[in-house]
Undergrad: 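Below you'll find the structure I mean.
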Amino acid sequence: MDNRPIGIFDSGMGGLSVWREVRRLLPGESVVYFGDGKNCPYGTKSHEQIREYTFGAVRELMDRGAKIIILGCNTATAAAVADLRERYPGFPFVGMEPALKPAVEMSRSGKVAVIATIAYLASEGYARLVEKYGGGAEVLSAPGKGFAVLVEEEKEGTPEALAAISKVIEPMISRGADTLVLGCTHYPFLAGDIRRVIGDRDVTVINPAPAVARRVAQLLGQGNASAGEGHRPVFEFLSWAGPEYNDRLRATAQRSLEMDI
Ligand code: DGL
């Protein structure tokens, strides 16, 4: 039994799409969420910069007693998870990566689309993922240009969001992709807009966040590290961007519970 919180990190609000799955699956667990906020978006930054921010954020979560840390950010995972595991041997880190394997298995057209940040798509981690699981299909990938910022600015449902999404995913759907993998944790917040662009075409949208929450549950179970029965969970929201941003994180977390994906 371990009542310390689960730590979740992202460049900003995106990791709240993971937070909500953790809340749903593990309602008795305290969670401390750290969304950088100050340096977001990470997707246009260098590997070294992203790595440095991620190490700093992990330190913040460890200082608050996190018993496990979810890198709720594909970009940060690709840049830092291997080095973090080396630096903190034995500490449980759960990373995020696009759900390419189920997408390939599910696709009937043999064409799957992956949208993620520029930095993630350029990473070695992505190249390895495609090599490992992309064999059975043609993998089309494109950066979700500006998507993370749309979410940070709470512009979901605006003509600006629809135009940006259409520009990125329309060419991939036109080429026959019938499965769309959300390779950035900010993108589930745009799921309504993504579905509007897809319209009545038969395209499955895959969000890997529920699988990450299941992995966390499994690790806590194995390590005998779940919160005790009578534990009253506490939810903290932190950033390097100041108290106003922290309040927005809390409000967005609340809103995420009603999100339709
Ligand atoms: N949410 C992040 C991810 O999953 C990145 C967004 C960004 O900061 O560019 O990759």
Side-chain angles (χ1 to χ4, degrees), residues 8-18 21 35-36 39-51 53-54 70-82 94-104 106-107 111-135 137-152 156 161 164-173 175 177-191 193-195 197-198 203-212 261:
I8 305 180
F9 160 64
D10 179 48
S11 60
M13 298 185 180
L16 294 170
S17 63
V18 181
E21 301 301 338
D36 179 338
N39 304 296
C40 189
Y42 282 7
T44 47
K45 300 205 163 51
S46 72
H47 185 89
E48 288 67 36
Q49 264 177 322
I50 299 164
R51 196 178 161 281
Y53 299 145
T54 305
I70 308 172
L71 300 177
C73 177
N74 298 259
T75 311
T77 300
V81 76
V94 177
M96 235 19 244
E97 63 181 17
L100 186 60
K101 186 171 182 252
V104 168
M106 228 179 259
S107 173
K111 285 181 186 165
V112 306
V114 178
I115 49 174
T117 66
I118 298 173
Y120 178 72
L121 293 176
S123 70
E124 280 173 29
Y126 184 55
R128 271 199 306 272
L129 188 77
V130 172
E131 201 179 289
K132 195 164 169 196
Y133 298 118
E138 185 180 344
V139 182
L140 312 173
S141 40
K145 255 197 170 158
F147 290 13
V149 175
L150 286 168
V151 174
E152 291 293 317
E156 295 96 327
I165 291 164
S166 175
K167 201 167 162 193
V168 173
I169 70 172
E170 197 53 59
M172 298 195 280
I173 298 175
R175 281 181 61 188
D178 64 353
T179 319
L180 175 66
V181 182
L182 305 183
C184 167
T185 52
H186 278 76
Y187 302 173
F189 285 95
L190 297 168
D193 297 313
I194 291 173
R195 288 220 185 85
V197 171
I198 293 171
V203 177
T204 308
V205 178
I206 304 183
N207 170 21
V212 169
I261 177 136

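Since this is a predicted model, take the numbers as computed values, not measurements.
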Undergrad: Find the distance between CE (M96) and OG1 (T75) and round it off to the nearest 0.5 Å.
TA: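 Answer for the CE-OG1 pair, M96 versus T75, is 10.5 Å.
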Undergrad: Would you check if V94 and V212 make a side-chain contact, meaning some heavy-atom pair closer than 4.5 Å?
TA: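 Result yes, sub-4.5 Å side-chain heavy-atom pair found.
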Undergrad: Answer whether the closest heavy-atom distance between the side chains of T77 and Y120 falls below 4.5 Å.
TA: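 They are not in contact (no side-chain heavy atoms under 4.5 Å apart), so the answer is no.
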Undergrad: With a 4.5 Å heavy-atom cut-off, do Y126 and E97 have their side chains touching?
TA: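 The answer is no; the side chains never approach within 4.5 Å.
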Undergrad: As a quick check of understanding, evaluate side-chain hydrogen bond (donor to acceptor under 3.5 Å, both in side chains) for S11 and D36, giving each step before the final call.
TA: CA-CA 5 Å; S11 60; D36 179 338; over 6 Å; no
Undergrad: Passes side-chain contact (heavy atoms from CB on, under 4.5 Å), L150 versus E156? Steps please.
TA: CA-CA 7 Å; L150 286 168; E156 295 96 327; over 6 Å; no
Undergrad: State, yes or no, whether a side-chain contact exists between D178 and T204 at a heavy-atom distance under 4.5 Å.
TA: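 They are not in side-chain contact.
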Undergrad: Ignoring hydrogens and geometry, is there a side-chain-to-backbone donor-acceptor pair from E152 to M13 under 3.5 Å?
TA: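 Yes, because the side chain of E152 sits within donor-acceptor range (under 3.5 Å) of the backbone of M13.
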Undergrad: When rounded to the nearest 0.5 angstrom, what is the spacing between CD in E138 and NZ in K111?
TA: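 The NZ atom of K111 is 5.0 Å from CD of E138, to the nearest 0.5 Å.
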Undergrad: Go through L190 and V151 one step at a time and tell me if the side-chain contact (heavy atoms from CB on, under 4.5 Å) criterion holds.
TA: CA-CA 7 Å; L190 297 168; V151 174; 3.7 Å; yes
Undergrad: Do the side-chain N and O atoms of S17 and T185 include a donor-acceptor pair separated by under 3.5 angstrom?
TA: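 Their side chains do not contain a donor-acceptor pair, so the 3.5 Å distance test is not met.
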Undergrad: Roughly how far, to the nearest 0.5 Å, is the OH atom of Y187 from the CD1 atom of I165?
TA: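 Here the interatomic distance stands at 10.0 Å.
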Undergrad: Check L121 against A142 and note the closest heavy-atom contact, atom names and distance.
TA: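 Heavy-atom minimum between the residues: CD1-C, 3.5 Å.
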Undergrad: How far does CG of L100 sit from CD of E131, to the nearest 0.5 angstrom?
TA: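 Rounded to the nearest 0.5 Å, the CG-CD separation comes out at 12.0 Å.
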Undergrad: Determine, stepwise, if the pair M172 / I115 fulfils side-chain contact (heavy atoms from CB on, under 4.5 Å).
TA: CA-CA 10 Å; M172 298 195 280; I115 49 174; 3.4 Å; yes
Undergrad: Contact between T117 and P143 at the side-chain level, heavy atoms closer than 4.5 Å - yes or no?
TA: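 Not in contact.
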Undergrad: Within a radius of less than 6.0 Å around CD of E124, do more than 12 heavy atoms belonging to other residues, nucleotides or ligands occur?
TA: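 Incorrect, the count does not exceed 12.
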Undergrad: Please round to the nearest 0.5 Å and tell me the distance separating atom NE2 of H47 and atom OG1 of T54.
TA: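 Rounded to the nearest 0.5 Å, the NE2-OG1 separation comes to 9.5 Å.
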Undergrad: Are side-chain heavy atoms of V149 and H186 found at a separation under 4.5 Å?
TA: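 Sidechains of H186 and V149: no contact.
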Undergrad: Got D10 and V18 here, is their nearest side-chain heavy-atom distance under 4.5 Å?
TA: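 SC-SC contact between D10 and V18 ruled out.
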Undergrad: Should we count CZ of R175 as having more than 12 external heavy atoms under 6.0 Å?
TA: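 Open.
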Undergrad: Any chance you could measure T44, atom OG1, to I118, atom CD1, to the nearest 0.5 Å?
TA: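 Those atoms lie 6.5 Å apart.
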Undergrad: Side chains of N74 and Y42, heavy atoms from C-beta outward: is any pair under 4.5 Å?
TA: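 Not touching, per the 4.5 Å side-chain cut-off.
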Undergrad: Which heavy atom of A177 sits nearest to which heavy atom of V203, and what is that distance?
TA: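 Nearest heavy atoms, A177 then V203: O-CG2, 3.8 Å.
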Undergrad: Sort out for me which residue in I194, I206, V112 forms a side chain to side chain contact (heavy atoms under 4.5 Å, CB included) with L180.
TA: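 Between L180 and the candidates, side chain to side chain contact (heavy atoms under 4.5 Å, CB included) is satisfied uniquely by I194.
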Undergrad: At their closest point, which heavy atom of N207 faces which heavy atom of P188, and how far apart are they?
TA: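 Closest pair (atom of N207, atom of P188, distance): OD1-CG, 3.6 Å.
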Undergrad: For a side-chain contact (heavy atoms from CB on, under 4.5 Å) check, start with the C-alpha distance between V114 and L140, then their side-chain angles and the critical distance, and finish with the verdict.
TA: CA-CA 6 Å; V114 178; L140 312 173; over 6 Å; no
Undergrad: Check for a donor-acceptor pair, side chain of K45 on one end and backbone N or O of N39 on the other, with a separation under 3.5 Å.
TA: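 At least one qualifying donor-acceptor pair exists.
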